[in-house]
> 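Structure below; questions to follow.
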Amino acid sequence: MDPANRPSPFKRYRRLQRQPLPTDLDPPADAPSALEVLSGHLPPITPTALDPAVLARLLFFSAGVTRYTNEGQRRSWFRASASAGNLHPLELYVACGALSGLDGGLYHFDPDSFTLAHLRPVDVRAHLARAAGAPALTGTAVLIVITGIPWRTTWKYAERGWRHVFWDAGSLLANLLAVAAAHGLPARLVLGFVDREVSHILGIDGTAECPLAVVAVGEPADQGETTAEPSELDELRLAVEPPSPHPLEFPLVTDAQHATNLDAAEALANWRHACTSDHGRCYQPAAPGTLDVPDHGELAEPIETLILRRGSTRLMARRTVPSVALTWVLSAATRPVPADAIPAGHTLLTHDLAIHGVEGRAPGLYQWAAGTLADHKASAENQVRDLATYLCLGQPLGGDSAYTVFESADLDAILDVFGPRGYRAAHLEAGIVNGRLLLASHALGQGATGLTFFDDEVRAAFATHATCLLVTAVGAPTYRPTPGGQPGRPTELIHFETLMARLEDRSRQQPRQQTI
């Protein structure tokens with residue numbers, strides 16, 4: 001964590017034409033409420049035509065700069081979606097045909113200047129469709145490719161930072177999918193593609209920066225078999241500012257990334273077959289796709305307003321929350337994810353819970369699966385809180401929350417069926433659940449934050465074969481986050497250092513007991 005070698009949070013191309021994006025992103029008057037969007041129960045709405053203004057919404061409310069703070073001579077930026085350590089190791093690329101006022105081609109999204117840098121003047125959707133073995137992508141209005149730059153997060157978290165890349169991508173995708181749904185736009189995740197071909201299209205090396213997911217936005221249109229080969233495109237040789245003075249590569253991260261790549265069309269075909277075959281031991285039934293909309297919340301606000309209001313809750317009060325803050329929030333977070341790796345109505349995950357303060361629920365350890373809560377082990381509240389704090393590396397939020405969710409998966413079964421690529425899919429889904437938990441909890445006036453954890457100790461505490469992938473604490477915040485600002489007008493967090501000092505004071509307290 002050498003401050004002099006800290007990676008820049010922005011990828012900056014040199015000497016490229018840039019297209020400014022629209023900055024007037026106030027929600028339309030007839031926008032559905034965030035509670036409706038997160039419940040998957042939307043009133044009839046007319047699908048929005050995909051134009052630069054809608055594209056700007058999708059990009060800004062998933063990866064845009066919304067807040068900043070000044071720490072001495074250094075400025076830190078905060079984005080619309082959560083990121084471990086506020087390091088934001090993700091980049092977004094846009095492939096489209098001609099939109100109103102925007103030429104077709106391949107673009108890179110620059111959240112700092114809120115512009116699109118024009119990388120290729122040719123429409124590459126057919127080439128991405130070929131790389132993904134999915135002809136329908138050719139006729140989809142917009143393809144958004146999410147990539148990861150591991151060095152941005154391994155700077156702080158070393159090898160474990162590779163997981164953080166996928167966690168952060170999931171949180172970003174939770175926002176993007178919600179905004180698309182609010183505008184009546186179908187959106188689907190494509191996690192299967194030949195990595196080196198997608199890297200070639202984007203002009204990245206697949207190691208220092210690697211592709212994570214493709215998001216198809218708009219009604220798909222099957223164009224039949226596509227003959228566009230990624231290799232037909234010239235290699236991109238574009239000048240990019242170095243991410244830091246001396247970027248480091250962690251060999252274990254590189255090995256993990258390459259081991260989970262799909263390296264040829266045959267490997268992709270095998271992945272597609274595994275995803276569409278009946279493998280009951282991998283999948284669990286997900287929560288229902290549509291839920292009853294809660295009749296209360298802070299406001300009947302649109303999803304864009306909720307995203308700007310949301311912030312990672314760094315301090316929680318040990319207060320009891322209403323039952324709906326557990327049942328609806330968890331149901332909204334674990335609704336099915338529209339992805340090629342997961343059959344409709346199913347999930348790769350289960351969720352172990354430490355419940356500390358929820359109306360109608362005795363403190364203890366539970367499991368959430370298929371939209372229902374099952375008893376596991378009851379115990380005294382202080383013991384459960386102390387255990388959850390310990391499991392979360394001694395971080396107080398793990399025990400100060402009303403409940404803490406340990407998002408888990410049977411990785412042995414997943415790897416047996418999908419091979420190493422399944423590891424990515426499981427972590428991405430866990431990240432999406434985390435992002436939805438953040439949104440849904442804030443929609444009901446609560447707070448939430450993602451946490452890391454002791455891997456083996458979590459498994460032992462819950463006596464489970466499943467592996468913990470990510471942890472989210474949900475509870476009563478001791479403060480309200482300052483709402484973020486619109487493009488080009490981020491909000492300054494003037495009390496951020498005071499908040500972090502309070503967090504440090506709280507962190508000095510250690511859990512008294514580690515097991516129950």
> Show the nearest heavy-atom pair for residues Leu444 and Val324, with the distance to one decimal.
CD1-O, 3.8 Å
> Indicate whether the side chain of Ser83 and that of Trp167 have a donor and an acceptor atom separated by less than 3.5 Å.
no
> Nearest 0.5 Å, what's the OG1-CG distance between Thr467 and Asp455?
8.0 Å
> Is a side-chain donor or acceptor of Thr313 paired with a backbone partner of Ala448 at a separation under 3.5 angstrom?
yes
> Can you tell me if Asn175 uses its side chain to pair, donor with acceptor, with the backbone of Val179 under 3.5 Å?
no
> Indicate whether the side chain of Gln284 and that of Thr347 have a donor and an acceptor atom separated by less than 3.5 Å.
no
> Quick one: pull up CG in Asp410 and OG1 in Thr350 and give me the separation to the nearest 0.5 Å.
8.0 Å
> Which heavy atom in Pro52 sits nearest to a heavy atom in Leu102, and how many Å separate them?
CG-CB, 4.0 Å
> Kindly state whether the ring of Trp162 and the ring of Tyr157 have centres lying under 6.0 angstrom apart.
no
> If only atom types and distance count, is the side chain of Glu304 paired as donor or acceptor with the main-chain N or O of Leu25 below 3.5 Å?
no
> Has Arg160 got its NZ or CZ under 6.0 Å from the middle of the six-membered ring of Phe454, at an angle within 45 degrees of the ring axis?
no
> So, for Ala187 and Pro338, which heavy atoms are closest and what is the spacing to 0.1 Å?
O-CG, 3.6 Å
> Take Tyr93 and Phe109, measure what side chain to side chain contact (heavy atoms under 4.5 Å, CB included) needs, and give me the verdict at the end.
CA-CA 6 Å; Tyr93 297 80; Phe109 172 55; over 6 Å; no
> Less than 4.5 Å apart, any side-chain heavy atom of Asp110 and any of Leu116?
no
> So Leu55 and Val94, side chain to side chain contact (heavy atoms under 4.5 Å, CB included) or not? Walk me through it.
CA-CA 9 Å; Leu55 178 59; Val94 175; 4.0 Å; yes
> Any chance you could measure Leu172, atom CG, to Ser62, atom OG, to the nearest 0.5 Å?
4.5 Å
> What I'd like to find out is whether the side chain of Val65 reaches to under 4.5 Å of the side chain of Phe10, using heavy atoms alone.
yes
> Using only atom types and a distance under 3.5 Å, with no angle test, would you say the side chain of Glu36 pairs donor to acceptor with the backbone of Ser33?
yes
> Between the side chain of Arg79 and the main-chain N/O of Pro111, is any donor-acceptor distance below 3.5 Å?
no
> So Tyr403 and Val329, do their side chains get closer than 4.5 Å, heavy atoms only?
yes
> Would Thr472 and Leu451 count as a side chain to side chain contact (heavy atoms under 4.5 Å, CB included) if you check the C-alpha gap in whole Å, the side-chain angles of each, and the deciding distance to 0.1 Å?
CA-CA 6 Å; Thr472 309; Leu451 299 170; over 6 Å; no
> Quick check on the 6.0 Å ring-centre criterion: do Phe406 and Phe462 meet it?
yes
> Flag the pair Arg335 / Arg436 as yes when at least one side-chain heavy-atom distance between them is below 4.5 Å, and no otherwise.
yes
> Hey, is Arg188 close enough to Asp340 for a salt bridge, meaning N to O under 4.0 Å?
no
> What I'd like to find out is whether the side chain of Ser312 reaches to under 4.5 Å of the side chain of Arg310, using heavy atoms alone.
yes
> Is it the case that the side chains of Asp51 and Ser100 hold a donor-acceptor pair, with the cut-off being a distance below 3.5 Å and no angle test?
no
> Would you indicate whether the side-chain heavy atoms of Val124 and Leu233 approach each other to under 4.5 Å?
yes
> Would you kindly say whether His88 and Asp168 are connected by a side-chain donor-acceptor distance under 3.5 Å?
no
> Does Glu197 come within less than 4.0 Å of Arg130, counting only side-chain N to carboxylate O?
no
> Which heavy atom of Val321 sits nearest to which heavy atom of Gln446, and what is that distance?
CG1-OE1, 3.3 Å
> What are the two closest heavy atoms between Trp271 and Ala425, and how far apart are they?
CH2-CB, 4.3 Å
> Do Glu209 and Thr147 pass the side-chain hydrogen bond (donor to acceptor under 3.5 Å, both in side chains) test, and can you show the C-alpha distance, the side-chain angles, and the key distance before you say yes or no?
CA-CA 7 Å; Glu209 183 178 356; Thr147 68; 2.7 Å; yes
> CG/Asn261 to CD/Gln257 distance, rounded to the nearest 0.5 angstrom?
5.5 Å
> Suppose we screen for side-chain hydrogen bond (donor to acceptor under 3.5 Å, both in side chains). Which residues come up paired with Arg196, at least two apart in sequence or across chains?
none
> Test His118 against Gln19 for side-chain hydrogen bond (donor to acceptor under 3.5 Å, both in side chains), laying out the working first.
CA-CA 7 Å; His118 208 170; Gln19 175 78 35; over 6 Å; no
> Can you list the steps and then say if Glu301 with Leu35 is a side chain to side chain contact (heavy atoms under 4.5 Å, CB included)?
CA-CA 8 Å; Glu301 59 191 348; Leu35 294 172; over 6 Å; no
> Decide whether His127 and Glu229 meet the rule of one side-chain donor and one side-chain acceptor closer than 3.5 Å.
no
> Out of curiosity, Cys210 SG to Leu202 CG, how far, rounded to the nearest 0.5 Å?
11.0 Å
> Where the side chain of Thr372 meets the backbone of Ala369, is there a donor-acceptor pair that is under 3.5 Å apart?
yes
> Between Val471 and Glu407, is there a side-chain heavy-atom distance shorter than 4.5 Å?
no
> Let me confirm one number: the CD1-CH2 distance from Ile355 to Trp368, rounded to the nearest 0.5 Å.
9.5 Å
> Without swapping roles, check the side chain of Arg272 against the backbone of Ala132 for a donor-acceptor pair under 3.5 Å.
yes
> Report yes or no: is the cationic atom of Arg421 (NZ for Lys, CZ for Arg) under 6.0 Å from the centre of the six-membered ring of Phe193, at an angle within 45° of the ring normal?
yes
> When you measure from the side chain of His346 to the backbone N and O of Ala344, does any donor-acceptor pair fall under 3.5 Å?
yes
> Taking all heavy atoms of Pro7 and all of Trp155, pick out the closest pair and write down the distance.
CD-CG, 3.5 Å
> Ion pair present between Asp195 and Arg424, side-chain N to carboxylate O less than 4.0 angstrom?
yes
> Quick check against the 3.5 Å criterion: does Ser331 have a side-chain atom that pairs as donor or acceptor with the backbone of Ala287?
no
> Considering only heavy atoms from C-beta outward, does the side chain of Leu397 approach that of Cys392 to under 4.5 Å?
no
> Can Arg459 and Asp352 be counted as an ion pair, charged N to O under 4.0 angstrom?
no
> Consider only side-chain N and O atoms of Glu249 and Thr254, and report whether a donor and an acceptor are under 3.5 Å apart.
yes
> Does a donor on one side chain and an acceptor on the other come within less than 3.5 Å for His258 and Thr207?
yes
